[in-house]
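The chains referred to below are lettered A, B, ... by the order of the sequence lines, with proteins before strands, and numbering in each begins at 1.
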Amino acid sequence: MKEQATALSVYNTLSGTKESFKPLNEGFVGMYVCGPTVYSNVHLGNCRTFISFDLVYRYLLHLGYKVRYVRNITDVGHLVDDADQGEDKIAKKARLEQLEPMEIVQMYTLDFHNVMQQFNALPPNIEPTATGHLIEQIEMIQDILDNGYAYESNGSVYFDVEKYNEAHPYGAVSGRKIEDLIANTRDLDGQDEKRAPLDFALWKNAAEEHIMKWPSPWGLGFPGWHLECSAMSTKYLGETFDIHGGGMDLKFPHHECEVAQGTAANGSTPVRYWMHGNMLTLNRKKMSKSTGNSISPDELFSGTSDLMEKAFDPMVVRFFMMQAHYRSTLDFTSEALAAAEKGHERLMEAISTLQSLKASNESTADVPSLVNAFYDAMNDDFNSPILVSQLFEAVKLINSVRDGHASLTEADIDLLSTEMAAFVYDVLGIRPAEEKGETRLSPVMDLILDLRKQARENKDWATSDKIRDGLSDAGITVKDGKEGTTWS
RNA sequence: GGUUCCGUGGCCGAGUGGCUUAGGCACCGGUCUGCAAAACCGGGUACAGCGGUUCGAAUCCGCUCGGAACCUCCA
C-alpha cells in the first residue's frame, strides 16, 4: 500500500459529503458497478459511467489496494414502458429481429466489450450475468419473504415497502421521503396485484407468450428489475461491501431498492460508500437511447455522426472525459472534443520529450511537491480535472527544461518520468502513443529530411518547403527545433 | 405538480468565505525560425440577476430568471 492511500476521500451519496475512505478489510476493496443492459449497442453516455468507475478502479489499484471489481451484464431486460408494459425488453427486441434472446445478448455483449477495450477500460474481475444467477435471486427472494418484507400475489412476489420503512428508512440513497413517494406514484400495469403502489416486484409471473421465463416456487416467471444486482453483489462481495457505483439516474428507484432488498434479506445495509457518476449530455440534455439524443462510440471514432465535425480517437474522448469531474454533467460538443484533442497531443508529446531530457546538477523546480499534487488531486474524490491541470504544469516544466529555461537533476527526471507514466497511463488510463518507429518508414524519413536539410543549407527554400508541404499532405508533421528536425 | 442539483471569462471545465485571476482550447503581443509549425515568455476578458449576512463572498442566506436529473426502462 502506498502511504497516500490513507488520505483518500470519497463522496458518499448516503451522507452527501466527502468521507475518508476506509475499506471494510484493510488493503482490500470490494466494488460493484451496475453494468449495461445488452439489448442494443452502448452509447457514449453509458460509456462515461463505466470510464468514470474505471478511473476509480485504476486509482485504487495504483494506491496498492487489492480490488475485486464486479460489474454485471443485464441479460434479462427490465420491463419496458409504453404499450409494451410487462414485456421483457430483450424478448421484445428478439421478436422484432427474429432472433433468439441469447443471440441478442451475445451480439451486444461483444459490442460492449469491444467498445470498452477501445476506451482502454480494464475488465472487471467478475462480470456476472443475471440469467446465470437465477438460483441466487430466487434464494434471495425467499429470504426476504421469510423475513416478512415481501408477499406473494398471483404468482408474483412484491417487496412490501411500507412494512420495510417501519424498521429501516426507505430513501436513504435517493434522499426521498416515503410520504412524497406515495403521493407521486402513478398507475402502472399490475398495480392491482400489489398491496401498495410503492411496492416493487421481486418476481414477476410471466404471460404465456413471454419468451424468457424460469420456474420458481411461485410459478413460471422472471426476476424483478432490481434484484440481480443485490443477488450478485451479495454472492461475490458479501452482505456488506465497500463501494457501489452507477449512474445518477439509477439512484431511484434502482439503488434504493437494492438497499432495501439487501437489508431485508441480510439484516444489514449492503453498501458503505455509494458513488454516482453524472450524466453525459448532448445539446445540454441527457444522452438517452430512448429519446434518440445519443451518439454511439462507433459513430464518434469513425466520424460518421452528423453531430461531429470529424472523427475522434478513443483516447482523446477518454482524455476529454477526464478533464471533467465524474460528479459533474459533461456536455459533449465537437468543439470541446477538438480542444481536448490538442491538449491530449501536447501532454503525450511532453511525456515523449521527458525521456530524452538532459539532466543538470540542480533543479529549478520542486518535482516532489508537483508529484504530491498529483496524489492530492486524486485523493480528493478522484478529482481528475485537477490532476490534469497539474500534469500540464509538468508539461510546461518539461518543455522549459528542453528549451533550456529550466533544469532538472537526474533524480527529478526519473521521478517525474515514473509518476507521469503512472498517472497518465495507469490512473487516467490513457493508452501510450504508438511507437512511431515503423522500421520501413524511418530510413526513408531520414533520407528525406537529410535532403531537406541540404536544401535549407543552400537556402533553397522552394525545395525545403515543397518537402515540408508534401509530407504535411501525407499526414506527417515536420518540426524544426534547436536540436534538429523531428517528424511525427 | 413533488424532490434534488446546476448557472464561472469566446468555448470546455476546476474551485466553495479572504494568495488558485486552476487547467485545456481559442485570441492578442513578444522570443525563436529563411518563413511557418511547435515550443517558451507575457496579456486580456468571469463568477446569471437583485437583495441580504459578514471586516470581506464566485463561494453562506433569500428572491427572480434560465437549465438539468429523478419521481416510469435508463449509465
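Nucleic acid contact for M248(A): none, since no nucleic acid atom lies under 4.0 Å from a heavy atom of the residue. Among the protein residues, G404(A) comes within range of no part of the nucleic acid, since none of its heavy atoms lies under 4.0 Å from any strand. Q390(A) comes within 4.0 angstrom of nothing in the nucleic acid, heavy atoms only. Within the nucleic acid shown, R176(A) comes within 4.0 Å of at least one base atom, counting heavy atoms only. The residue K251(A) sits apart from the nucleic acid: no heavy atom pair falls under 4.0 Å. As judged by a 4.0 angstrom heavy-atom cut-off over every strand, L330(A) is placed among residues touching the sugar-phosphate backbone only. In this structure, S400(A) reaches the sugar-phosphate backbone alone: every heavy-atom distance under 4.0 Å involves primed, P, OP1 or OP2 atoms, never a base. Within 4.0 Å (heavy atoms only), H43(A) reaches at least one base atom of the nucleic acid. Counting any heavy atom pair closer than 4.0 Å across all strands shown, K342(A) reaches sugar-phosphate atoms only and no base atom. At the heavy-atom level, G45(A) lies under 4.0 Å from base atoms of the strands shown. Residue K285(A) is in sugar-phosphate contact alone, with no base atom involved, counting any heavy-atom pair closer than 4.0 Å across all strands shown.
Between the side chain of D480(A) and the base of A36(B), a donor-acceptor pair under 3.5 Å is found. One cannot find a donor-acceptor pair under 3.5 Å joining the base of C40(B) and the side-chain atoms of K396(A). The base of A37(B) lies outside donor-acceptor range of the side chain of R468(A), with no N or O pair under 3.5 Å.
Aromatic stacking is not marked for F392(A) over G24(B), as the cut-offs of 5.5 Å for the centres and 30° for the planes do not both hold.
Set against G23(B), C12(B), A39(B), the side chain of A336(A) has C12(B) as its closest nucleotide. The nucleotide whose nearest atom lies closest to any side-chain atom of R452(A) is, among G34(B), G13(B), A39(B), G34(B). The side chain of F320(A) lies closest to C12(B) when the candidates are A39(B), C12(B), G34(B). Distances were taken from every side-chain heavy atom of D465(A) (C-beta onward) to each of A69(B), G2(B), G34(B); the shortest belongs to G34(B). Among the nucleotides G24(B), C12(B), U3(B), the one closest to any side-chain atom of R284(A) is C12(B).
The distance between atom CG of D331(A) and atom P of A69(B), rounded to the nearest whole Å, is 11 Å. A38(B) atom P lies 19 Å from atom CE of M348(A), rounded to whole Å. Here the C1' atom of nucleotide C73(B) and the NE2 atom of H254(A) are 12 Å apart, to the nearest Å. For F332(A) and C25(B), the CZ to C1' distance is 16 Å, given to the nearest whole Å. Following rounding to the nearest Å, E341(A) (CD) and G24(B) (P) show an atom-to-atom distance of 17 Å. M279(A) has its CE atom 5 Å from the C1' atom of A75(B), to the nearest Å. Atom CD of E349(A) is separated from atom P of C40(B) by 11 Å (rounded to the nearest Å). Between the CE atom of M322(A) and the C1' atom of G24(B) there is a distance of 16 Å, given to the nearest Å.
Side-chain nitrogen and oxygen atoms of N383(A) include at least one within less than 4.0 Å of the OP1 or OP2 phosphate oxygen of G15(B). Distances shown here put every side-chain N or O of R346(A) at or beyond 4.0 Å from the OP1 or OP2 atom of G23(B). Within the structure, a side-chain polar atom (N or O) of S328(A) is placed less than 4.0 Å from OP1 or OP2 of A14(B). For A75(B), the OP1/OP2 oxygens have a side-chain nitrogen or oxygen of N46(A) closer than 4.0 Å.
The separation of A14(B) from U33(B), taken at their P atoms, amounts to 41 Å, rounded to a whole angstrom. Spacing of P atoms, G56(B) relative to G51(B), comes out at 16 Å, to the nearest Å. Rounded to the nearest Å, the gap between the P atom of C47(B) and that of C12(B) is 16 Å. Only the C1' atoms considered, C61(B) is 15 Å distant from U16(B), to the nearest whole Å. Taking the C1' atoms as reference points, C74(B) lies 42 Å from G52(B), given to the whole Å. Of the P atoms belonging to A37(B) and C25(B), the separation is 15 Å, rounded to the nearest Å. For the P atom pair drawn from C60(B) and A69(B), the interatomic distance equals 24 Å after rounding to whole Å. The separation of G2(B) from U72(B), taken at their P atoms, amounts to 16 Å, rounded to a whole angstrom.
Between K177(A) and L250(A), the residue anchored closer to the 5' end of RNA chain B is K177(A), taking for each the nucleotide with the nearest heavy atom. Nearest-nucleotide positions on RNA chain B for S464(A) and T333(A) put T333(A) closer to the 5' end.
Between F200(A) and Y170(A), the ring planes are parallel. Angles under 30° get that label, and only those over 60° would be called perpendicular.
The closest side-chain heavy-atom distance from P223(A) to W203(A) is below 4.5 Å. Within the 4.5 Å cutoff, the side chain of N399(A) has heavy atoms near those of the R346(A) side chain. Looking at heavy atoms from C-beta onward, F119(A) lies in side-chain contact with L44(A) at the 4.5 angstrom threshold.
When Watson-Crick and G-U wobble pairs are counted only if both distances are under 3.5 Å, C40(B) pairs with G30(B). In this structure, A22(B) forms no base pair with any nucleotide, since neither Watson-Crick nor G-U wobble geometry is met with both distances under 3.5 Å. When Watson-Crick and G-U wobble pairs are counted only if both distances are under 3.5 Å, G17(B) pairs with no nucleotide at all. Pair check for G7(B) finds C65(B); Watson-Crick or G-U wobble, both atom distances under 3.5 Å. When both pairing distances are held under 3.5 Å, G1(B) makes a Watson-Crick or G-U pair with C71(B). When both pairing distances are held under 3.5 Å, C35(B) makes no Watson-Crick or G-U pair with any nucleotide shown.
Considering Y57(A), Y236(A), F241(A), Y32(A) in turn, Y57(A) is the only one that fulfils the ring-ring contact (aromatic ring centres under 6.0 Å, His included) rule with Y69(A).
Using modelled atom types, one finds a donor on one side chain and an acceptor on the other under 3.5 Å when comparing D480(A) with T485(A). In this structure, a donor-acceptor pair under 3.5 Å is present between the side chains of E228(A) and N72(A). Using modelled atom types and a 3.5 Å distance limit, the side chains of D331(A) and T281(A) yield a donor-acceptor pair. For H113(A) and Q117(A), the side-chain atoms include no donor-acceptor pair closer than 3.5 Å. Between the side chains of S400(A) and D403(A), no donor N or O sits under 3.5 Å from an acceptor N or O.
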